[in-house]
Amino acid sequence: MNQSDFHIRFAEPRDLESLVTYNVALASETEGRQLERSLLQSGVEAILADSSKGYYVVMEHLPTGEIIGQLLITFEWSDWRNAVFWWLQSVYVHKEWRRQGVFKQLYDYVLREGKRQGNVAGIRLYVEQDNTVAQGVYKQAGLSAAPYKVFETDFILPTRPSE
């Protein structure tokens, strides 16, 4: 990868279609879920309009203008640390660009930004328990498994049949 051909930046409204398309693909590929596109689009638009909810970071291939990778950062306040954790969500790399360091570059960008801001306690993400490929990528990038399991009650998406 010629680094001068790529640019990491905060997502903008013009990226809406790519973000929605990648989130649909992410849900299908990792969890076998079919997301309601109009609901998802409204959710992405809400993030793009209000950075207090979070923000997307994207990698753009400059020669084509194509977004080739994305991740969403949302926030969790930690009273124990008097600082915020950044949660990485909606991590997706276009199939043609996988295994070329796109996630690592996005993650390193976020890591530098979190350290620069100074009020970030750390970075967390959750990963589908059977997605061993993604887990390997995250470990290789320097993330480690936390000693927690995530439990939830989801009011919007139904529980998958395997649960």
Side-chain angles (χ1 to χ4, degrees), residues 3 6-13 15-16 18-20 22-27 29-31 33 35 39-60 67-93 97-160 162-163:
Q3 292 302 90
F6 302 91
H7 178 62
I8 297 175
R9 61 176 173 78
F10 297 112
E12 303 169 356
D15 302 317
L16 177 65
S18 292
L19 298 170
V20 171
Y22 284 177
N23 279 310
V24 166
L26 173 65
E29 289 175 27
T30 62
E31 299 183 25
R33 291 184 188 253
L35 299 181
L39 180 63
L40 171 61
Q41 181 168 325
S42 295
V44 173
E45 287 173 334
I47 294 259
L48 293 172
D50 180 2
S51 63
S52 72
K53 289 178 172 50
Y55 59 90
Y56 282 93
V57 175
V58 297
M59 179 180 272
E60 181 178 9
I67 301 301
I68 63 169
Q70 71 174 37
L71 56 79
L72 169 63
I73 296 172
T74 59
F75 316 109
E76 174 192 4
W77 180 253
S78 173
D79 54 349
W80 288 10
R81 295 165 182 85
N82 191 30
V84 68
F85 273 98
W86 284 357
W87 278 88
L88 303 185
Q89 299 184 54
S90 300
V91 175
Y92 191 80
V93 174
W97 292 97
R98 292 181 187 164
R99 303 232 180 241
Q100 297 184 49
V102 173
F103 170 75
K104 176 76 165 105
Q105 290 181 58
L106 286 165
Y107 175 70
D108 287 348
Y109 177 88
V110 169
L111 196 63
R112 285 190 305 275
E113 184 63 20
K115 289 178 178 179
R116 186 190 68 75
Q117 286 192 18
N119 64 339
V120 178
I123 297 172
R124 292 179 168 165
L125 64 83
Y126 53 87
V127 59
E128 180 70 22
Q129 64 187 356
D130 296 327
N131 192 344
T132 55
V133 172
Q135 291 173 35
V137 169
Y138 300 148
K139 287 177 184 173
Q140 193 172 31
L143 290 138
S144 58
Y148 305 104
K149 283 192 174 238
V150 176
F151 288 77
E152 70 178 9
T153 300
D154 191 327
F155 295 126
I156 307 296
L157 294 177
T159 302
R160 292 183 316 218
S162 63
E163 296 177 288

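Excluded from the calculations below are hydrogen atoms, water molecules and symmetry mates; all remaining heavy atoms, backbone and side chain alike, are included. Along the sequence shown, residues carry numbers from 1.
Aromatic ring centres of F103 and Y138 lie closer together than 6.0 Å. Checked against a 6.0 Å centroid threshold, the rings of W97 and F6 count as neighbours.
Side-chain N/O atoms of N131 and T30 include no donor and acceptor closer than 3.5 Å.
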### Message
side-chain contact (heavy atoms from CB on, under 4.5 Å) for K53 and T74? Distances and angles first, verdict last.
### Response
CA-CA 6 Å; K53 289 178 172 50; T74 59; over 6 Å; no
### Query
Hey, mind stepping through Y107 and L88 against side-chain contact (heavy atoms from CB on, under 4.5 Å) and telling me if it holds?
CA-CA 9 Å; Y107 175 70; L88 303 185; 3.8 Å; yes
#### Entry: Steps toward side-chain contact (heavy atoms from CB on, under 4.5 Å) verdict (L26, Y22)
CA-CA 6 Å; L26 173 65; Y22 284 177; over 6 Å; no
### Message
Run L19 and V58 through side-chain contact (heavy atoms from CB on, under 4.5 Å) and show every step you take.
### Response
CA-CA 9 Å; L19 298 170; V58 297; 3.9 Å; yes
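Note that the CG atom of L16 and the OH atom of Y56 stand 9.0 Å from one another [nearest 0.5 Å]. Taking OG of S90 as the reference point, atom CD1 of I47 lies at 8.0 Å (rounded to 0.5 Å). Annotation: the span from H7 atom NE2 to M59 atom CE amounts to 10.0 Å, rounded to 0.5 Å. With rounding to the nearest 0.5 angstrom, the CG atom of N23 is 11.5 Å from the CD atom of Q41. Rounded to the nearest 0.5 angstrom, I68 CD1 and I8 CD1 are separated by 9.0 Å.
Looking at Q135, its side chain does come within 3.5 Å of a backbone N or O of E128 through a donor-acceptor pair. Of the possible donor and acceptor atoms, one in the side chain of D15 sits under 3.5 Å from a partner among the backbone N and O of E12. Put simply, the side chain of S78 gets close to the backbone of R81: a donor and an acceptor are under 3.5 Å apart.
A salt bridge links R98 with E29; the closest basic N to acidic carboxylate O contact falls under 4.0 Å. Under the 4.0 Å criterion applied to side-chain N and carboxylate O atoms, D108 and K104 are assigned as salt-bridge partners.
Heavy atoms only, all atoms of each residue included: V127 and A134 are closest at CG2-CB, 3.9 Å. Contact record, V102 with G69: CG1-CA, 4.1 Å, taken as the closest heavy-atom pair. Taking all atoms of both residues into account, the shortest heavy-atom contact from L106 to Q70 is CD1-N, 3.8 Å.
Within 6.0 Å of CD in Q140 there are 12 or fewer heavy atoms belonging to other residues, nucleotides or ligands.
Ring geometry for F75 against Y55 counts as tilted: the plane angle lies between 30° and 60°, on a 0 to 90° scale. Note on ring orientation: taking the six-membered ring where Trp is involved, the planes of F10 and Y109 are perpendicular (angle over 60°, cut-offs 30° and 60°).
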Side-chain atoms of residues 118-126: list all donor-acceptor pairs with protein atoms under 3.5 Å, sequence neighbours left out, distances to 0.1 Å.
from	atom 1	to	atom 2	distance (Å)
R124	NH1	E76	OE1	3.4
Y126	OH	Q89	OE1	3.3

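Side-chain atoms of V24 and R33, non-hydrogen and from C-beta on, never get closer than 4.5 Å to each other.
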